[in-house]
Amino acid sequence: MKNKLYRIISPVTLLVVLALDAATVAYAVFAVKKLIQNVSVYSVLFAIIDLFAIVVAVLVSKYVVSQGIVFGDETFEFTAHDENNVFNYDDVENIKIHKDTKASLKKNFNDRQSQVIITLKNGGVVTVDIGLTSMKKLKKIENEINSCLLYTSPSPRD
């Protein structure tokens, strides 16, 4: 099985990153105009700072777009987490998904985040918060993990 990536991009995070990228481009246009109008130490410094801002914007955008779940031959990995993010199919007993879909004006974004609850064969339970996702995307993730679990589970003759 090839490595398959399911991207998980929160709509709020995507909007914030797009807004920051747009602000960086506007800042660049302003810096170039000032540099053309008057070449001075301040306008050159302004353009250099904007160059760094563009590099940071590209790196942050690349990082946000590359987040998701990678399904490999023997493991699946939640790329947005720093530790305890790789699970071996042989170690997983089952998974459940959870997303609060009840209407409420009191709940904030954290209460609406999707969760993948992984029950391990050693009795441990790991809950992985994958952020704001659609129920459709969450079901696709559940189906992919379950199909990989069925694919890698030992046959009764083993």
Side-chain angles (χ1 to χ4, degrees), residues 1-32 47-154:
M1 172 192 276
K2 249 199 309 194
N3 285 348
K4 185 188 283 190
L5 172 67
Y6 277 41
R7 294 189 198 286
I8 301 173
I9 302 174
S10 167
V12 174
T13 304
L14 184 62
L15 287 175
V16 168
V17 169
L18 287 176
L20 291 174
D21 288 346
T24 303
V25 169
Y27 185 65
V29 169
F30 184 70
V32 169
I48 291 171
I49 290 171
D50 185 57
L51 186 63
F52 286 117
I54 290 171
V55 170
V56 169
V58 167
L59 292 175
V60 167
S61 298
K62 180 182 174 199
Y63 176 77
V64 167
V65 171
S66 69
Q67 298 306 307
I69 302 174
V70 178
F71 295 96
D73 290 337
E74 298 175 2
T75 61
F76 61 99
E77 175 183 2
F78 295 90
T79 60
H81 300 279
D82 290 336
E83 56 187 40
N84 300 328
N85 60 344
V86 179
F87 297 94
N88 194 338
Y89 296 123
D90 295 334
D91 297 338
V92 176
E93 186 174 321
N94 66 12
I95 67 146
K96 294 178 187 173
I97 58 170
H98 177 265
K99 179 177 173 76
D100 187 5
T101 56
K102 296 178 184 173
S104 173
L105 296 175
K106 294 181 181 180
K107 295 180 182 171
N108 60 19
F109 287 118
N110 291 338
D111 296 328
R112 299 291 182 186
Q113 293 186 354
S114 302
Q115 299 169 339
V116 178
I117 303 163
I118 303 167
T119 305
L120 302 173
K121 290 182 180 175
N122 67 4
V125 176
V126 179
T127 302
V128 180
D129 189 356
I130 58 173
L132 298 171
T133 59
S134 66
M135 196 61 175
K136 181 180 176 183
K137 177 68 87 174
L138 193 57
K139 286 283 189 188
K140 281 183 179 180
I141 292 168
E142 179 187 35
N143 292 339
E144 185 68 30
I145 294 173
N146 281 332
S147 69
C148 290
L149 289 177
L150 290 174
Y151 176 73
T152 61
S153 65

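No hydrogens, no waters, no symmetry mates; every other heavy atom, side chains included, goes into these values. All figures in this text were calculated on a predicted structure; none of them were measured in a lab.
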Minimum heavy-atom separation for [X] to [Y], with atom names?
X    : Y   : value
A47  : A31 : CA-CB, 4.1 Å
V92  : I95 : CG1-CG2, 4.0 Å
E144 : K4  : OE1-NZ, 3.3 Å
A28  : I54 : CB-CD1, 4.0 Å

Are [X] and [Y] side-chain neighbours, meaning at least one heavy-atom pair lies under 4.5 Å?
X    : Y    : answer
I118 : F78  : yes
V70  : T79  : yes
L120 : F87  : yes
Q115 : T127 : yes

Under the salt bridge (charged side-chain N to carboxylate O under 4.0 Å, His left out) test, residues paired with E142 that sit two or more places apart = K139

Can you find a side-chain donor-acceptor pair between [X] and [Y] that sits under 3.5 Å?
X    : Y   : result
T119 : N94 : yes
D21  : S61 : yes
E74  : Y89 : no

Chi angles and distances behind the side chain to side chain contact (heavy atoms under 4.5 Å, CB included) call for F30, V25 = CA-CA 9 Å; F30 184 70; V25 169; over 6 Å; no

Carefully, step by step, assess V64 and T13 under the rule side chain to side chain contact (heavy atoms under 4.5 Å, CB included).
-> CA-CA 8 Å; V64 167; T13 304; 4.0 Å; yes

Y27 and I49: side chain to side chain contact (heavy atoms under 4.5 Å, CB included), yes or no, with the steps?
-> CA-CA 10 Å; Y27 185 65; I49 290 171; 3.5 Å; yes

Distance from [X] atom [atom1] to [Y] atom [atom2], nearest 0.5 Å?
X   : Y    : atom1 : atom2 : answer
E77 : N85  : CD    : CG    : 4.5 Å
I97 : L138 : CD1   : CG    : 4.0 Å
R7  : I69  : CZ    : CD1   : 13.0 Å

Exam field: side chain S66 to backbone Y63, donor-acceptor pair closer than 3.5 Å =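 Flag set: sc S66 to bb Y63 pair under 3.5 Å.
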
Sub-3.5 Å donor-acceptor pair from the side chain of K96 to the main-chain atoms of V116, do we have one?
-> no

Could you please spell out the steps behind the side chain to side chain contact (heavy atoms under 4.5 Å, CB included) verdict for I130 and I141?
-> CA-CA 11 Å; I130 58 173; I141 292 168; 4.0 Å; yes

